[in-house]
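These numbers were taken from a predicted model, which means no experiment stands behind them.
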Amino acid sequence: QVQLVESGGGLVQPGGSLRLSCAASGNSFSFFGMGWYRRTPGKQRALVASTSGGSTNYADSVKGRFAISRDNAKNAVYLQMNSLKPEDTAVYYCNARAWRGGVVYDYWGQGTQVTVSS
């Protein structure tokens with residue numbers, strides 16, 4: 001039983017900043033990877049940023065503006081979003097991935113709305 005809960009979304013003006021948080025609750029799990037995806041209406045979820053084994057990966061559209069960080073002890077992951085643009089408006093989803101018995105398990109949060117508008 002894994003539940004991922006996102007927080008920190010909201011309305012921000014272009015050029016502003018937000019920090020998204022995601023924490024796992026329920027039974028204890030360890031994840032080899034955690035990340036953030038986003039989706040606009042009618043579109044597929046797309047990777048924003050991920051972290052695994054101390055390395056990070058970012059979508060080209062957010063490089064230099066967003067930063068992902070993780071607290072392994074807390075099973076938490078964060079996304080610092082700076083210099084926000086209207087194009088960043090989306091629902092942001094937390095993702096966590098675990099390997100158990102040679103099987104990949106993906107877990108998803110409910111999503112948090114980020115709106116960038118003047």
Side-chain angles (χ1 to χ4, degrees):
Q1 179 68 46
V2 173
Q3 183 178 7
L4 302 179
V5 180
E6 303 101 334
S7 63
L11 175 65
V12 65
Q13 293 186 344
S17 298
L18 286 173
R19 190 179 80 149
L20 305 183
S21 299
C22 172
S25 62
N27 293 339
S28 178
F29 287 86
S30 61
F31 308 110
F32 78 86
M34 298 187 77
W36 292 92
Y37 291 70
R38 66 187 181 186
R39 180 187 64 81
T40 55
K43 304 295 183 181
Q44 295 289 327
R45 286 174 175 170
L47 176 69
V48 177
S50 64
T51 180
S52 179
S55 64
T56 58
N57 183 49
Y58 296 92
D60 288 341
S61 60
V62 307
K63 281 185 176 179
R65 300 188 298 118
F66 291 10
I68 189 170
S69 60
R70 180 178 175 181
D71 187 333
N72 291 328
K74 297 180 179 179
N75 284 322
V77 64
Y78 309 91
L79 185 68
Q80 179 66 46
M81 303 184 293
N82 299 322
S83 301
L84 282 161
K85 304 175 180 180
E87 306 93 274
D88 296 317
T89 297
V91 177
Y92 285 70
Y93 297 89
C94 178
N95 167 262
R97 175 169 286 186
W99 284 89
R100 294 187 182 274
V103 179
V104 177
Y105 297 86
D106 274 306
Y107 304 93
W108 295 93
Q110 180 180 351
T112 184
Q113 177 71 46
V114 172
T115 302
V116 184
S117 177
S118 60

* Asked: In terms of hydrophobic clustering (I, L, V, M, F, W, Y; side-chain heavy atoms under 4.5 Å; direct or indirect links), are F31 and L47 co-clustered?
  -> no
* **Distance-minimising heavy-atom pair for Q80 and S17** => NE2-CB, 4.0 Å
* **ILVMFWY network linking L79 to V114, side-chain heavy atoms under 4.5 angstrom** => yes
* To do: Measure the spacing between CG of D106 and CZ of R97 and express it to the nearest 0.5 Å.
  => 4.0 Å
* Report the distance from atom SG of C94 to atom CH2 of W36, rounding to the nearest 0.5 Å. => 5.0 Å
* Of all heavy-atom pairs between L18 and G8, which one has the smallest distance, and what is that distance? -> CD2-O, 3.8 Å
* Tell me whether L11 is reachable from V116 by hopping between hydrophobic residues (I, L, V, M, F, W, Y) whose side-chain heavy atoms are closer than 4.5 Å. => no
* Asked: For the atom pair CZ (R45) and CG (N95), what is the distance rounded to the nearest 0.5 Å?
  -> 8.5 Å
* Asked: When clusters are formed by joining ILVMFWY residues with side-chain heavy atoms under 4.5 Å apart, either directly or through shared neighbours, do V91 and W108 land in the same one?
  -> yes
* To do: Evaluate side chain to side chain contact (heavy atoms under 4.5 Å, CB included) for L20 paired with M81, printing each intermediate quantity in order.
  => CA-CA 8 Å; L20 305 183; M81 303 184 293; 3.7 Å; yes
* About how many Å separate SG of C22 and CG of D71, when rounded to the nearest 0.5 Å? -> 12.0 Å
* Relative to each other, are the rings of Y92 and F66 parallel, tilted or perpendicular (30° and 60° limits)? -> tilted
* Between A90 and T40, what is the shortest heavy-atom contact and its length? -> CB-CG2, 4.0 Å
* Distance under 6.0 Å and angle within 45° of the ring axis: does R39 meet both against Y93? -> no
* **Between CD on residue Q113 and OG1 on residue T89, distance to nearest 0.5 Å** => 7.0 Å
* If Ile, Leu, Val, Met, Phe, Trp and Tyr residues are connected whenever their side-chain heavy atoms lie under 4.5 Å apart, and connections chain through other members, are V104 and M34 in the same group? -> no
* To do: Working to the nearest 0.5 Å, report the span between OG of S50 and CZ of R70.
  => 10.5 Å
* Working for side chain to side chain contact (heavy atoms under 4.5 Å, CB included), residues S83 and K85 -> CA-CA 7 Å; S83 301; K85 304 175 180 180; over 6 Å; no
* Asked: Counting N and O atoms only, with roles assigned by atom type, does the side chain of Q13 sit under 3.5 Å from a partner on the main chain of S118, one being a donor and the other an acceptor?
  -> no
Would you give me the side-chain donor-acceptor pairs under 3.5 Å for residues 53-62, sequence neighbours excluded?
unit_1: S55; atom_1: OG; unit_2: S52; atom_2: O; d: 2.7
unit_1: Y58; atom_1: OH; unit_2: I68; atom_2: N; d: 2.8
unit_1: S61; atom_1: OG; unit_2: R38; atom_2: NH2; d: 3.4

